[in-house]
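Remarks on the structure that follows.
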Amino acid sequence: MNEDVFNTSLRRFLKKVGITSQREIEKAVRDALEAGRLKGHEKLPAKMVLTLGGVTLTHEITDEIELG
């Protein structure tokens, strides 16, 4: 395995996950605020599930996203 190629590819994937996830969460929260489904002070439960084929990895992260 080429460590440099692996590291670069992994970082690119994680950057894409982080950026697109943030955009999707922000859009969903703004839409819910505009529709009146949220008031703006809630704590929203969040869960991210990472799977990686070929090595049977499943990793779950749970937390809360606080609106204010």
Side-chain angles (χ1 to χ4, degrees):
M1 176 172 74
N2 184 317
E3 291 290 334
D4 290 333
V5 171
F6 175 59
N7 192 323
T8 301
S9 181
L10 180 55
R11 287 178 182 272
R12 184 174 50 246
F13 172 74
L14 292 174
K15 183 176 180 179
K16 184 185 286 187
V17 167
I19 291 169
T20 57
S21 296
Q22 182 173 348
R23 286 182 189 150
E24 291 298 317
I25 291 168
E26 288 172 345
K27 182 182 181 319
V29 168
R30 286 190 187 104
D31 289 350
L33 286 167
E34 289 176 12
R37 295 188 308 273
L38 293 174
K39 301 294 182 199
H41 59 273
E42 294 87 349
K43 292 181 181 180
L44 306 175
K47 176 171 73 170
M48 177 69 74
V49 179
L50 170 70
T51 59
L52 183 62
V55 294
T56 61
L57 168 68
T58 301
H59 181 71
E60 185 175 302
I61 299 170
T62 58
D63 205 343
E64 287 184 333
I65 296 174
E66 188 173 350
L67 301 185

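Hydrophobic cluster membership is shared by V55 and L14, with clusters built from Ile, Leu, Val, Met, Phe, Trp and Tyr side chains linked at under 4.5 angstrom. Cluster membership check: I25 shares its hydrophobic cluster with L38, using side-chain heavy-atom separations under 4.5 Å among Ile, Leu, Val, Met, Phe, Trp and Tyr. Hydrophobic clustering (ILVMFWY, side-chain heavy atoms < 4.5 Å, transitive): V17 and F6 are in one cluster.
The two residues A46 and I65 have their closest heavy-atom pair at CB-CD1, 3.9 Å. Of all the heavy atoms in L67 and V29, the pair that sits closest is CD2-CG1, 3.9 Å. Nearest heavy atoms, K39 versus G36: NZ-O, 4.3 Å.
Side-chain atoms of S9 never come within 3.5 Å of backbone atoms of V5 as a donor-acceptor pair (strictly under, hydrogens ignored).
In this structure, NE2 in H59 is found 12.0 Å from OG1 in T51, a value given to the nearest 0.5 Å.
Applying the salt bridge (charged side-chain N to carboxylate O under 4.0 Å, His left out) test to every pair with at least one member in residues 1-19, sequence neighbours left out, gives no pairs at all.
With sequence neighbours left out, E26 forms a side-chain contact (heavy atoms from CB on, under 4.5 Å) with Q22, R30.
Within the 4.5 Å cutoff, no side-chain heavy atoms of F13 are placed close to those of L52.
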